[in-house]
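Have a look at the structure below before the remarks.
As the structure is a prediction and not an experimental result, all values here were calculated from the model.
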Amino acid sequence: MTCRLPSEGRVWFILVGIVLVALALGGAAEAATRIIPLGDSLTKGMLDTDDGDVHPTYRFWLWEKLEENGYDVNFVGSQNSPAFPGYSFDRDNEGHGGFTIGGVVDGVGGSGKLSGWLKGYTPDMALVLLGTNDVLHQVPMETRFKNLDRLVETLRAKNSKITVFVAKLPPTGDSLRNKNSGLITFNSRLSGWASGESTAGSRIIVVDLYSGYDGRADNQAPLYIHPDESGEKKIADRWYAAITRYLEQGEIPETETPTTTPTATPTPTATPTATPTPTVTPTATPTATPTAMPTATATTGARYQEARAHYGSGGAAWAQAWGAYDVGVIRQFLTQAKNAYSTCLKTANRVDDPANRANLALVKGISAAYVDLADAALAMYDGADAFETGRSRMNAGNHAAAASSFEKAGKKFADSRSLFIRATTGLQSVSYAGTEYGDGTAYTATIVPILNDKGAYMGEFSTYAGGWQHTALAYGAMVDGDPAKFRSDATEAMALFAGLRTSPAFGADASANHGILQGLLRQVPSTSG
């Protein structure tokens, strides 16, 4: 005997379905002036910040000031992440963490490039804050300006009348880096370059973000590269002062061929909220392996040196991953580090070098741990991708596929947690006694809490993804008119969300999701056979 949905049950499911469709069809009116915030991590921002606080980037403070003063603007870009907890604003942007100027023009890996991103919108203004990664990677100065030429050409190919605001870079907290890696030189040459590239129809205006900006007090510790709140507000104030002169004067020409900026399909209000997918930042992965510190009494035979060379290659690749911000680039260097450490481990296992027995034991122990750490980080990013896919499928109403994606994400996060735990155990078992690496007590004391936090976070994210898996299944049952299955999966989701209510990272969203599902359960009529 099959189960039949009562008539009042059918009405409830139909009404909810109508609400979902109506919301999905909603759209926002086009704003008068379209502004593209274009840059790297200083523009995009991150959730896992250097100092652990929430920093919504200059974009929030600029948007707030423009809104408060009645300016009709629309931020545009191919992405609208991260979603900063507690901050509501137009998040569309073209910030790409870790990208140099050339990286934005030519693309990095499979992450796209400016000409492709511009296919979805036509900006009237561009706020260009790029060049910090050129400083960090010591890109030749002439290359920086050639790439800046190409960036402007790409913008003008989309809109020949675009007004381009280009920033003098704010200083980092390292005065020697600012001088020796060309930050100050880049800033000093920017006005002359802009004068030569500006045209009557498409002006280039230089905005000074350097003067009055303190590379230590206005940036996040301990890296002193990314702005803290005071730095974000200073940047926003400078942008605001520059662009509003042109908005007030009506000097922004109308776009040649206006196109409607695509808007993301809103998540139905009855659907639980989603915690933003973690943004990749340097602190998302543990610190680099200890730097070798040879002592006067160290004996380094050729056989040990072979393993040590691979160990050094692993450390170099890990440091590159640590300094990158683009997920594709980080994955690339993590894979390189994993391969180098794996080779070091294999080499050390077959080396017979009694004079360096302690050194070999150390590089084997740390290499094994960092193979696990690389796999943990890669699993974390794979889980984040699967979770984001689940969110997209959920918004599109493809509930079964969304549930599958959330299930995959949960498994990846669980794997990542296990690997973080195993790596921590391995690092704690390493002995530095009698090695050329000095006293590793401080290193171990620093890295273990970081890894424990990452493991705990992955465990919670796995639970959260499981909650979303059952939420998706519940919504699928709702659409299919199966209240019994809806009750079953909604109850399972609520149990998972309830377990996260005290979590600093997921508590607010988990509690909200629990409440939404609980409210829906009250509306579900009882079933009859």
Would Phe84 and Phe60 count as a side-chain contact (heavy atoms from CB on, under 4.5 Å) if you check the C-alpha gap in whole Å, the side-chain angles of each, and the deciding distance to 0.1 Å? CA-CA 10 Å; Phe84 301 100; Phe60 168 75; over 6 Å; no
Can you check whether Ser78 reaches Glu94 side chain to side chain, under 4.5 Å on heavy atoms? yes
Candidate pair Leu129 and Leu169, rule side-chain contact (heavy atoms from CB on, under 4.5 Å), full reasoning: CA-CA 7 Å; Leu129 175 49; Leu169 300 175; 4.0 Å; yes
State whether a side-chain donor-acceptor pair under 3.5 Å links Asn219 with Tyr213. yes
Parallel, tilted or perpendicular: ring planes of Tyr58 versus Trp239, cut at 30 and 60 degrees: tilted
Using the ring of each side chain (for Trp, its six-membered ring), is Tyr464 parallel, tilted or perpendicular to Phe387, with breaks at 30° and 60°? tilted
Salt bridge check, Lys113 against Asp106: does any charged N sit closer than 4.0 Å to a carboxylate O? no
Reported CG-to-OG1 distance for the pair Asp149 and Thr154, which is rounded to 0.5 angstrom: 10.5 Å
Begin with the C-alpha distance, continue with both residues' side-chain angles, and end with the deciding distance and a verdict on side-chain contact (heavy atoms from CB on, under 4.5 Å) for Tyr341 and Tyr311. CA-CA 6 Å; Tyr341 284 127; Tyr311 180 82; 4.1 Å; yes
So CD1 of Ile205 and OG of Ser191: to nearest 0.5 Å the spacing works out to 11.5 Å
For Lys408, I'd like to know if atom NZ has over 12 heavy atoms of other residues, nucleotides or ligands within 6.0 Å. no
side-chain contact (heavy atoms from CB on, under 4.5 Å) partner of Leu127, the single match among Thr43, Leu38, Ile36, Leu62: Leu62
Can you name the one residue among Phe461, Phe497, Trp468, Phe413 that meets ring pair (Phe, Tyr, Trp, His ring centres under 6.0 Å) with Phe506? Phe461
Measure the NZ-OG distance between Lys338 and Ser367 for me, rounded to the nearest 0.5 Å. 13.5 Å
Using every non-hydrogen atom in the two residues, find where Phe406 and Arg391 come nearest and quote the distance to one decimal. CZ-N, 3.6 Å
Should the pair Lys65 and Tyr240 be classed as cation-pi, given the thresholds of under 6.0 Å to the six-membered ring centre and 45° from the axis? yes
Do any N or O atoms from the side chain of Ser462 and from the backbone of Met458 form a donor-acceptor pair under 3.5 angstrom? no
Donor-acceptor under 3.5 Å (Arg393 side chain, Ala402 main chain): no
Pairwise side-chain contact, Val108 with Thr100, heavy-atom cut-off 4.5 Å (strictly under): no
Pair Arg150 + Glu153, salt bridge at N-O below 4.0 Å: no
Rounded to the nearest 0.5 Å, what separates atom OG1 in Thr57 from atom CD in Glu229? 12.0 Å
Stepwise side-chain hydrogen bond (donor to acceptor under 3.5 Å, both in side chains) test for Thr49 and His226: CA-CA 9 Å; Thr49 56; His226 302 102; over 6 Å; no
OG1 (Thr199) and NZ (Lys161) are apart, to the nearest 0.5 Å, by 11.0 Å
Between the side chain of Ser202 and the main-chain N/O of Ile162, is any donor-acceptor distance below 3.5 Å? yes
Between Arg203 and Thr163 (side chain of the first, backbone of the second, donor and acceptor by atom type, cut-off under 3.5 Å), is there such a pair? no
CD of Gln220 to CE of Met46: how many Å apart, nearest 0.5 Å? 6.5 Å
Between Arg331 and Asp382, does any side-chain N to carboxylate O distance fall below 4.0 Å? yes
Ignoring hydrogens and geometry, is there a side-chain-to-backbone donor-acceptor pair from Asp90 to Asn74 under 3.5 Å? no
Determine, stepwise, if the pair Ile101 / Val128 fulfils side-chain contact (heavy atoms from CB on, under 4.5 Å). CA-CA 10 Å; Ile101 304 169; Val128 181; over 6 Å; no
Is any side-chain heavy atom of Asn133 less than 4.5 Å from a side-chain heavy atom of Leu136? yes
So which heavy atom on Lys168 is nearest to which on Val206, and how close? CG-CG1, 3.8 Å
Could you list the residues that satisfy salt bridge (charged side-chain N to carboxylate O under 4.0 Å, His left out) with Lys234, not counting sequence neighbours? Asp218
Checking Asn178 against Thr172 for the side-chain hydrogen bond (donor to acceptor under 3.5 Å, both in side chains) test, could you report, in this order, the C-alpha distance in whole Å, the side-chain angles of both residues, the deciding distance, and whether it holds? CA-CA 7 Å; Asn178 297 336; Thr172 71; 2.7 Å; yes
